[in-house]
Amino acid sequence: VKSCVKERLQKNYGFDAALREVIVDVGHCVANSEDLELDNITRQTELLNSTLCAPKCVPNQYALKDYANRTGPFRVDVVSACALSTAHCGSCKRIRQDTVLLPGSPYEKTIDQGTCGGKCDETGESCEPVTHEFLSFEDPNGAVLVRKVEKCGCVDRRCYREDYFVS
């Protein structure tokens, strides 16, 4: 059985007021290197029988964390946990994606922000959000707006229009 772990992935977000780099560990998910041989066998089997779909190592929870640089405060989605998933198998659909808002504070709240995954029949199409809504939550500095994916669909990956209607 293949395993999945979170590893460090540092990104630079500019400089703070003291001209120090603002570096954030946003994390990413990887399959354990011990499982590479098994993973290759799984891929070969999948090619032979297209009905099989191998699990992928993907984030299953994010935390929305606050940071600041010289241009002001900003929020970053940071990978909190990883898991093996077959949600990408089958047709295009909305997939649960939990996000922890204001982690470690009295205002902490977990929501299903959603994401899209799956296959599209037409060449050149990808599974993308086509409708969403904004959720509002209170924190010590006022309201926090978070975008939640409502519906996914197969769209031309070169150009598509996402619905920006706010409900």
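When each of C127, C120, C92 is checked for a disulfide bond (SG atoms under 2.5 Å apart) with C154, only C120 meets the rule.
To the nearest 0.5 Å, atoms NZ (K148) and NE2 (H132) are separated by 12.5 Å. Atoms CG and NZ, on L135 and K109 in that order, are 9.0 Å from each other to the nearest 0.5 Å. Q113 CD to R96 CZ: the interatomic distance, rounded to the nearest 0.5 Å, is 11.5 Å. Rounded to the nearest 0.5 angstrom, E21 CD and N12 CG are separated by 4.5 Å. Residue T86 holds its OG1 atom at 9.0 Å from CD1 of I95, rounded to the nearest 0.5 Å.
In the hydrophobic clustering of this structure, V30 does not group with V58; members are Ile, Leu, Val, Met, Phe, Trp, Tyr whose side-chain heavy atoms approach within less than 4.5 Å, directly or through other members. Hydrophobic clustering places V78 together with F74 (ILVMFWY residues linked when any side-chain heavy atoms are closer than 4.5 Å, directly or through intermediates). Linking ILVMFWY side-chain heavy atoms closer than 4.5 Å, directly or via other members, places I23 and L9 in two distinct hydrophobic clusters. Criterion: ILVMFWY side-chain heavy atoms under 4.5 Å apart, direct or through other members. Under it, V149 and I111 are not part of a common hydrophobic cluster. Both V76 and V22 are part of a single hydrophobic cluster, where members link through side-chain heavy atoms under 4.5 Å apart.
With H88 contributing its side chain and P55 its backbone, the two residues share no donor-acceptor pair below 3.5 Å. When atom types are taken as modelled, the side chain of D112 and the backbone of Q97 share a donor-acceptor pair closer than 3.5 angstrom.
Nearest heavy-atom pair, N60 versus A83, reported as atom, atom and distance to 0.1 Å: ND2-CB, 3.5 Å. Heavy atoms only, all atoms of each residue included: F15 and L19 are closest at CD2-O, 3.5 Å. In this structure, C152 and T115 approach most closely via the heavy-atom pair SG-O, 3.8 Å. Closest approach of E128 and C116 over heavy atoms only: C-SG, 3.5 Å. Of all heavy-atom pairs between G27 and K6, the closest is CA-CE, 4.1 Å. Among all heavy-atom pairs drawn from E150 and R94, the shortest one is O-CD, 3.6 Å.
Between Y13 and Y67, the distance separating the two ring centers is not shorter than 6.0 angstrom.
In this structure, the side chains of F134 and V146 stay at 4.5 Å or more apart for every pair of heavy atoms. The closest side-chain heavy-atom distance from E138 to L102 is not below 4.5 Å.
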- Task: Report the C-alpha separation of D16 and N69 in whole Å, then their side-chain angles, then the decisive distance to 0.1 Å, and conclude whether the side chain to side chain contact (heavy atoms under 4.5 Å, CB included) test is met.
- Result: CA-CA 4 Å; D16 65 13; N69 61 18; 5.6 Å; no

- Message: What verdict does the side chain to side chain donor-acceptor pair (under 3.5 Å) test give for N32 and S3, after you've listed the backbone C-alpha separation in whole Å, the side-chain angles of each residue and the deciding distance to 0.1 Å?
- Response: CA-CA 6 Å; N32 276 348; S3 59; 2.4 Å; yes

- Item | Steps toward disulfide bond (SG atoms under 2.5 Å apart) verdict (C4, C57) | CA-CA 5 Å; C4 178; C57 180; 2.0 Å; yes

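Ionic pairing of K65 and D25 is not present here: no N-O contact between side-chain nitrogen and carboxylate oxygen is shorter than 4.0 angstrom.
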